[in-house]
Colleague: 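Just dropping this structure here.
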Amino acid sequence: MKRITILGSTGSIGTQTLEVAEHLGNVEVVGLSAHSNVTLLAEQARKFGVTYACVADESKYHDLKTALADTNIEVSAGMEALCALSARQEADTVVTSIVGNAGLLPTVSAIRAGRRIALANKETLVTAGELVMPLARECGVDILPVDSEHGAIFQCFQGENPKTARRILLTCSGGPFYGKTRAELKGVTRADALRHPNWAMGAKITIDSATLMNKGLEVIEAHWLFDMPVEDVTVVVHRQSIIHSAVEFVDGSVMAQMGTPDMRLPISYAITYPERTPSCAKPLDLFSVGELTFAKPDTDTFGCLNLAYEASRIGGTCPAVMNGANEAAVALFLEEKIGFLDIADLVGEAMARHIPCEVTIENILAADREGRDVVVNLYQNRRKA
């Protein structure tokens, strides 16, 4: 019997993880958390008979308490409670699917408690990989990637000597605006950017996919997960999202993992590893796939990808500033307060103003706030001008 806690259970990854758990049958869901969606969280908690339910937004505590008043489920709220939930000994695996840098502290708490991590929160490694990976090794904790790309890379390395890898080929769908010029992107709307061609994801990650920032974050995540220099992580646009990523080895061989574009595949593998079990995802039918195409990304038009490479090369707290600035800029775009191209411009400006410093939890959180503040201040100043 597998026992899991899901952080961010009401989001896209969280709900699909619950589908996987229900399908597998031998998975007990110990605890669930959500940012603020109390209605769905309470529904999930009842359905899966969890022991613990936590809402990150403390103002929602009484709503959740009331919704579960007739149960024995232990209700809590706030970041401290979220960290306590992630460290609960009843679960052997914590699925971290909280969106953004808010996932950092609960993930660190789970690692320190010796919980296996099924990582769907890439920002944890983007901003704090320098701390998190050594901590996981020190605590003897496995970090199993849930991202389809990193899950694919992880599978390609099974049975291989990682030192014989020449480079990682990180696939990228290209998002909804593949082939567009900067001039064509000036007037795109929130609705346009949320129409991803292959994947059904949450709003924030879908916008990141459209700007290619998501791929930039994944480059940094791959760097930390697989101990690979960012220069050896090559982004390849693969519109069909059938090959989820590949590894090129020193002898010229390329190992690739293929499958339907369904997040339940990497979620299932992360939960059941090292075993494979029948999945609830649709099997891949090669006869219906047709052609597979590959191209280089257009980094002149989609500047966020280059910003991520630059942030990783600079190091220190620069990735944390970049990530915080991006989260703030994406939020403004989703609120239809800025244009699509403004996202990369604002993130670049926040990075240019930052003076990188030593990587500590405190400095990472401060850099995250700095990035957000710079973006908001720039937006407000533009409105006044």
Side-chain angles (χ1 to χ4, degrees), residues 100 122-123 126 149 169-199 201-221 230-231 233-241 293-314 318-319 321-354 371-372 374-385:
K122 59 180 63 70
E123 291 85 356
V126 169
E149 295 83 356
L169 300 168
L170 190 71
T171 57
C172 168
S173 72
F177 302 136
Y178 177 71
K180 300 285 187 183
T181 64
R182 285 186 65 86
E184 291 172 319
L185 292 176
K186 284 184 178 179
V188 299
T189 66
R190 177 185 189 274
D192 295 331
L194 288 173
R195 291 193 195 99
H196 196 283
N198 299 335
W199 296 93
M201 305 178 291
K204 194 267 181 182
I205 191 173
T206 304
I207 301 303
D208 281 350
S209 178
T211 64
L212 296 198
M213 177 57 87
N214 187 53
K215 205 52 50 179
L217 300 178
E218 289 177 0
V219 166
I220 301 175
E221 185 182 7
V230 289
E231 293 79 10
V233 181
T234 302
V235 174
V236 179
V237 177
H238 170 55
R239 294 292 284 163
Q240 296 81 15
S241 296
T293 60
F294 308 94
K296 293 182 178 180
D298 178 2
T299 53
D300 291 331
T301 301
F302 300 94
C304 283
L305 180 55
N306 276 344
L307 289 175
Y309 275 104
E310 180 185 353
S312 183
R313 283 190 287 265
I314 292 171
C318 191
V321 161
M322 177 200 71
N323 184 72
N326 180 64
E327 289 191 25
V330 169
L332 289 173
F333 175 72
L334 287 170
E335 294 167 5
E336 301 181 314
K337 293 179 178 178
I338 63 172
F340 181 78
L341 293 174
D342 293 329
I343 296 173
D345 293 342
L346 290 169
V347 173
E349 183 63 29
M351 287 173 57
R353 297 182 180 203
H354 180 61
R372 296 170 191 272
V374 168
V375 166
V376 171
N377 290 336
L378 286 170
Y379 163 69
Q380 291 174 340
N381 290 339
R382 288 181 183 181
R383 287 191 66 195
K384 294 175 184 177

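The figures here come from the full heavy-atom set of this structure, side chains too, leaving out hydrogens, waters and symmetry mates. Here, residue 1 is the first one in the sequence, and each next residue gets the next number. Model, not experiment: these values are computed from the prediction.
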Colleague: Would Thr211 and Phe340 satisfy side chain to side chain contact (heavy atoms under 4.5 Å, CB included), going step by step from the backbone distance to the final call?
Modeller: CA-CA 8 Å; Thr211 64; Phe340 181 78; 3.5 Å; yes
Colleague: As an exercise, state the distance from CD of Glu349 to CG of Asp342, rounded to the nearest 0.5 Å.
Modeller: 12.5 Å
Colleague: What closest approach, in Å, do Thr181 and Thr301 show between heavy atoms, and which atom pair accounts for it?
Modeller: C-CG2, 4.0 Å
Colleague: For Thr171, give me all partners under side chain to side chain donor-acceptor pair (under 3.5 Å), at least two apart in sequence or on another chain.
Modeller: none
Colleague: First locate atom CD of Glu327, then atom CG of Leu332, and finally report the distance between them rounded to the nearest 0.5 Å.
Modeller: 12.0 Å
Colleague: Output yes when Lys122 and Glu149 qualify as a salt bridge under the 4.0 Å nitrogen-oxygen rule, no when they do not.
Modeller: no
Colleague: Using every non-hydrogen atom in the two residues, find where Tyr178 and Ala295 come nearest and quote the distance to one decimal.
Modeller: OH-CB, 3.5 Å
Colleague: How long is the gap from CE on Met351 to CG on Asn326, to the nearest 0.5 Å?
Modeller: 11.0 Å
Colleague: Could you report the tightest heavy-atom contact between Ser241 and Ser173, atom names first, then the distance?
Modeller: OG-CB, 3.6 Å
Colleague: Could you walk me through whether His354 and Val374 pass the side chain to side chain contact (heavy atoms under 4.5 Å, CB included) check?
Modeller: CA-CA 10 Å; His354 180 61; Val374 168; over 6 Å; no
Colleague: When you check the gap from the basic side-chain N to the acidic O, do Glu218 and Lys215 get nearer than 4.0 Å?
Modeller: yes
Colleague: Closest heavy-atom contact between Val126 and Leu217?
Modeller: CG2-O, 3.4 Å
Colleague: Please check if atom NZ in Lys180 has more than 12 non-hydrogen atoms from other residues, nucleotides or ligands closer than 6.0 Å.
Modeller: no
Colleague: Side chains of Leu185 and Phe302: closer than 4.5 Å at any heavy-atom pair?
Modeller: yes
Colleague: Which heavy atom of Cys304 sits nearest a heavy atom of Leu212, and at what distance?
Modeller: CB-C, 4.3 Å
Colleague: Would you say Val376 and Gln380 make side-chain contact, with heavy atoms under 4.5 Å?
Modeller: yes
Colleague: In Å and rounded to the nearest 0.5 Å, what is the CG to CG distance from Leu307 to Asn323?
Modeller: 12.5 Å
Colleague: Would you call Val347 and Met213 a side-chain contact if the rule is heavy atoms closer than 4.5 Å?
Modeller: yes
Colleague: Could you report the tightest heavy-atom contact between Asp300 and Arg182, atom names first, then the distance?
Modeller: O-CD, 4.0 Å
Colleague: What is the distance from atom CZ of Arg382 to atom CG of Leu346, rounded to the nearest 0.5 Å?
Modeller: 4.5 Å
Colleague: Compare all side-chain heavy atoms of Arg353 with those of Leu378 and state whether any distance is below 4.5 angstrom.
Modeller: yes
Colleague: How long is the gap from CG on Leu194 to CZ on Phe333, to the nearest 0.5 Å?
Modeller: 7.5 Å
Colleague: Ignoring hydrogens and angles, tell me if any N or O in the side chain of Asp208 forms a donor-acceptor pair with the backbone of Ile205 under 3.5 Å.
Modeller: no
Colleague: What's the verdict on side chain to side chain contact (heavy atoms under 4.5 Å, CB included) for His238 and Leu169, showing C-alpha distance, side-chain angles and the deciding distance?
Modeller: CA-CA 11 Å; His238 170 55; Leu169 300 168; over 6 Å; no
